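Just so we're clear, the structure is a prediction, and the values are computed from it rather than from any experiment. In what follows, chains carry the letters A, B, and so on, assigned in the order in which the sequence lines appear, proteins first and then strands, with residues in each chain numbered from 1.
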Amino acid sequence: MVLSMNAPRGTVDILPKDVKAWQYVEEQIKEVCKRYHYKEIRTPVFEHTEVFQRGVGDTTDIVQKEMYTFEDRGGRSLTLRPEGTAGVARAYVQNKLYGDVNQPVKLYYFAEMFRYERPQKGRMRQLNQFGIEVLGSADPAVDAEVIDLAMTVYQSLGLTSLKLVINSLGDKESRENHRQALIDHFTPHKEELCADCQVRLEQNPLRVLDCKKDRDHPAMGTAPSILDFLNEESKSYFEEVKEYLDAMGIAYVVDPTLVRGLDYYNHTAFEIMSDAKGFGAITTLAGGGRYNGMIEEFGGPTTPAIGFGMGLERLLMALEAEGVEIPDTDKLDCYVVAVGKEAEQAAVRLVHDLRANGVGVDKDYQQRKMKGQLKAADRYEAKYVLILGEDEVRNNTITVKEMATGEQQVLPIENIVDTLTGKLLGGK
RNA sequence: GCGGUCGUGGCGAAGUGGUUAACGCACCGGAUUGUGGCUCCGGCAUCCGUGGGUUCGAUCCCCACCGAUCGCCCCA
C-alpha cells in the first residue's frame, strides 16, 4: 500500500461480509424495542460543545480529553457526539417532549459516537452504540425495565456469559454527604495516592474508588461506602429497584464501588459485563444509570430520567467470543448461465423479468465459460441455475438445474418466469 | 499521553547480505469441444510499510517516520 489513503486511525470499514452481522443485531434489537414499546429517535451527529460540557460533565475524561471538537465557519464550537444521552436530553427539552401526552417518553437510538482515544481491542475512535432513554418517570420499576431490556437484548442474541452489576449513587443530598466523607477519608492519605487520584479527590472524589492503580491501597478497603450514606428515600428507591429485578428473576451483583464515568448519574447505576474469553482487557458491554438532574440543567422542567448505552462493536465481539451463529438470510435464488451472444440477450431479459417478479437473481459479467459460471453460482449458493445455451435458444427452452440435488430439466422458456416465481416464492 | 509486538503478492505464511523471493488458500484457464462442489496440470508477470544511512550490493543490519495490533489510563 503506497498511498496513505487509509481510513483514519480508530475507524474501520464495515465490509459487505460483516454487514450481515450488524443488520442481524440491529433487527433483533429493534424487535426487542418494539416489544418493550420504545420509539426510535435520531439526533444530530454533532452538537454545540456546551451540550456535552453541561450534560456529561466538565470533570469527566470524555469532556476533558476525548472530544472531537471543532469550530465551524461561523465560529461556533461544535463537537461530534461522544455519547448519546446529552443529545437526546437536549432534543427532549428543545422539542418540549415533556408536554407529550404519552408519558414517560421511552426512546431508543442507534448512533455512532466519537472519542479521541488510543485504539485497542474493543475501543475505536468511531464506535456504534445502541441506547435507551426513558424520560419523565421516577418509578423504580422503570429502572428495572431498562435493565431488563438490556439483558433481554443480549439474551435474545444468545449471549450467556453476562454479569449485571448495580449500585446506587443516591440523590443529591446522599451524594453530597458521601462526597464529604470520601474527602475526609482520603485526604490524610493524599500523598500516597496516584497523581490522577489526587486530582480526582478535589474534583470528583467518587472516582477515586474507580482507580485501578490505587485499588490495593489500605484506605480503599475502609473507604466509606455510598450505601451507608443513602438517605431513607434513596435507600428505599434502591430497594425497590432490586425487588423488581428479583421479581423478574434477573440476577445481579451489588457493587458499591461502581461509579460510572459520567458526572450526571444519581440513584441507579449499572453495568453489564461479559465473562467470555477472548475479550482482552475490555469487559464492559453496556452501562447506564439515572440522571434526574440533566433535563433541568438544559432548561427543561424537573424531569427524572434513566438510560444506558450499549457498545455494538463489543456486542459483536461477544457474539463471536461465544460462538453465536449469525443466520444467513440472503442466499441467491437463481443464477442465470448464458453461453453465446443470443443467449446473452435472452439472459439479460430473463434476469430482469425475474427480478421484477420478486426473485433474487444474478448472472455472470466476467465473460466466464460455462464451467466458470457454474462455479460462481455454486459460490453464491444459488438455489437454481438457469442455463441458456445455443440449444436452448434454438429450441426456445431453458435448462433449470437445482444445485443442491444436481437434478435438471429442460423446460419451455415461455412461462419460465411464472414457473420459477411459483417455485421460489410460492411459500412466501 | 506512555509501554510491548509487528509491517513480505487479494488473504495466510516461510526466508536469505548478493543471479529467476518458498509454500498454502483464493481466483482464472485446461484435463472433461455445454455443467458446480473431488482430483491433476498450468497461470496469476520485478513485490518485500515510507524515507534516510552502512555496504561493492539490502527485503533481510542501523536510524527516523508512518501504520497496525495488544496493554496502561478510562470506558462502550
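- Straight-line distance from the NZ atom of A/Lys375 to the C1' atom of B/G36: 8 Å, rounded to whole Å.
- B/G18 and B/C25 have their P atoms separated by 29 Å, given to the nearest Å.
- Nucleotide B/C74 is matched to nothing when pairs are restricted to Watson-Crick or G-U wobble geometry with both distances under 3.5 angstrom.
- Ion pairing between a basic and an acidic side chain is recognised when a charged N comes within 4.0 Å of a carboxylate O; A/Asp362 and A/Arg355 show such pairing.
- Where A/Glu402 and A/Gln367 meet RNA chain B, the nucleotide closest to each residue was compared, and A/Gln367 sits on the side nearer the 5' end.
- Distance from the side chain of A/Arg9 is smallest for B/U69 among the nucleotides B/C2, B/U69, B/U35.
- B/C38 and B/C27 have their P atoms separated by 10 Å, with the value rounded to a whole Å.
- Side chain A/Glu381 to base B/G36: no donor-acceptor pair is found below 3.5 Å.
- Ring geometry, A/Phe110 versus A/Tyr108: the interplanar angle exceeds 60°, so the pair is classed perpendicular (tilted spans 30 to 60°).
- Closest to the side chain of A/Thr284, out of B/A76, B/C28, B/G71, is B/A76.
- In the set B/A76, B/C27, B/G29, the nucleotide with an atom closest to the side chain of A/Arg123 is B/A76.
- Across the C1' atoms, B/U8 and B/A14 are found 10 Å apart, a figure rounded to whole Å.
- Looking at the side chain of A/Arg118, the nearest of the listed nucleotides B/G36, B/G30, B/G71 is B/G71.
- As rounded to the nearest Å, B/C40 and B/G34 have P atoms that lie 24 Å from one another.
- Rounded to whole Å, the P atom of B/G4 lies 13 Å from the corresponding atom of B/C63.
- The A/Gln120 side chain lies nearest to B/G71 when the options are B/C28, B/U35, B/G71.
- Separating the OH atom of A/Tyr365 from the C1' atom of B/C28 is a distance of 20 Å, rounded to the nearest angstrom.
- Under a 4.0 Å N-O distance rule, the pair A/Glu344/A/Lys363 qualifies as a salt bridge.
- Between A/Arg125 atom CZ and B/U69 atom P there is a gap of 11 Å when expressed in whole angstrom units.
- With a cut-off of 3.5 Å on both pairing distances, B/U59 has no Watson-Crick or G-U wobble partner at all.
- Across all strands shown, B/A21 forms no Watson-Crick or G-U wobble pair with both key distances under 3.5 Å.
- Using the six-membered ring where Trp is involved, A/Phe270 and A/Phe308 have ring planes that are perpendicular, over 60° apart on the 30 and 60° scheme.
- With a cut-off of 3.5 Å on both pairing distances, the Watson-Crick or G-U wobble partner of B/A68 is B/U5.
- The pair A/Glu117-A/Arg125 does not count as a salt bridge, with every side-chain nitrogen at least 4.0 angstrom from each carboxylate oxygen.
- In a base pair of the Watson-Crick type (N1 to N3 plus N6-O4 or O6-N4) or a G-U wobble (N1-O2 and O6-N3), with each distance short of 3.5 Å, B/U54 is matched with no nucleotide.
- Across all strands, A/Arg379 comes closer than 4.0 Å only to sugar-phosphate atoms, never to a base (heavy-atom distances).
- Distance check on atom C1': B/G49 versus B/C75 gives 32 Å, rounded to whole Å.
- A salt bridge is defined here as a Lys NZ or Arg NE, NH1 or NH2 lying under 4.0 Å from an Asp or Glu carboxylate O, and A/Glu145 with A/Lys106 meets this definition.
- Taking atom P on both nucleotides, B/U59 is separated from B/G51 by 11 Å, rounded to a whole Å.
- Within 3.5 Å, no donor on the side chain of A/Asp378 pairs with an acceptor on the base of B/G37, nor the reverse.
- The nearest whole Å value for the distance from the CD atom in A/Glu117 to the P atom in B/G1 is 13 Å.
- Using a 4.0 Å cut-off between a side-chain N of Lys or Arg and a carboxylate O of Asp or Glu, A/Arg290 and A/Asp143 qualify as a salt bridge.
- For A/Lys65, counting side-chain heavy atoms from C-beta on, the closest listed nucleotide (B/A76, B/G29, B/C73) is B/C73.
- Here B/C27 sits opposite B/G43 as a Watson-Crick or G-U wobble pair (both hydrogen-bonding atom distances under 3.5 Å).
- Checking the phosphate oxygens (OP1, OP2) of B/G34, no side-chain nitrogen or oxygen of A/Arg368 falls inside 4.0 Å.
- If you check every strand for non-hydrogen atoms under 4.0 Å, A/Ala286 touches sugar and phosphate atoms only.
- Checking B/A76, B/G1, B/G34 against the side-chain heavy atoms of A/Ile387 singles out B/G34 as nearest.
- Across B/U35, B/G29, B/G71, the shortest atom-to-atom separation from the side chain of A/Thr399 is found for B/U35.
- If you measure from atom OH of A/Tyr380 to atom P of B/G37, you get 16 Å, rounded to the nearest angstrom.
- Rounded to a whole Å, the NZ atom of A/Lys121 is 10 Å from the P atom of B/U69.
- In this structure, A/Leu258 atom CG and B/C74 atom P are separated by 14 Å, rounded to whole Å.
- Taking 3.5 Å as the limit, the base of B/U35 and the side chain of A/Lys401 contain a donor-acceptor pair of atoms between them.
- Side-chain proximity of A/Leu374 to the nucleotides B/G1, B/A76, B/G36 is greatest for B/G36.
- Taking atom C1' in both B/G15 and B/U54, the straight-line distance is 23 Å, to the nearest Å.
- Under the 4.0 Å criterion applied to side-chain N and carboxylate O atoms, A/Glu112 and A/Arg81 are assigned as salt-bridge partners.
- Between A/Tyr116 and A/Tyr68, the ring planes lie perpendicular to each other; the angle is over 60°, past the 30° to 60° tilted range.
- Across all strands, A/Glu390 comes closer than 4.0 Å to base atoms (heavy-atom distances).
- Among the nucleotides B/G36, B/U35, B/A76, the one closest to the side chain of A/Gln129 is B/A76.
- A/Glu313 places its CD atom 13 Å from the P atom of B/A76, with the value rounded to the nearest Å.
- Counting any heavy atom pair closer than 4.0 Å across all strands shown, A/Asn128 reaches no nucleic acid atom.
- Along RNA chain B, the nucleotide nearest to A/Gly287 and the one nearest to A/Lys369 differ in position, and the one closer to the 5' end is contacted by A/Lys369.
- Using a 4.0 Å heavy-atom criterion, one finds that A/Met113 contacts no nucleic acid atom at all.
- Contact annotation for A/Met370: base contact, defined as any heavy-atom pair under 4.0 Å involving a base atom.
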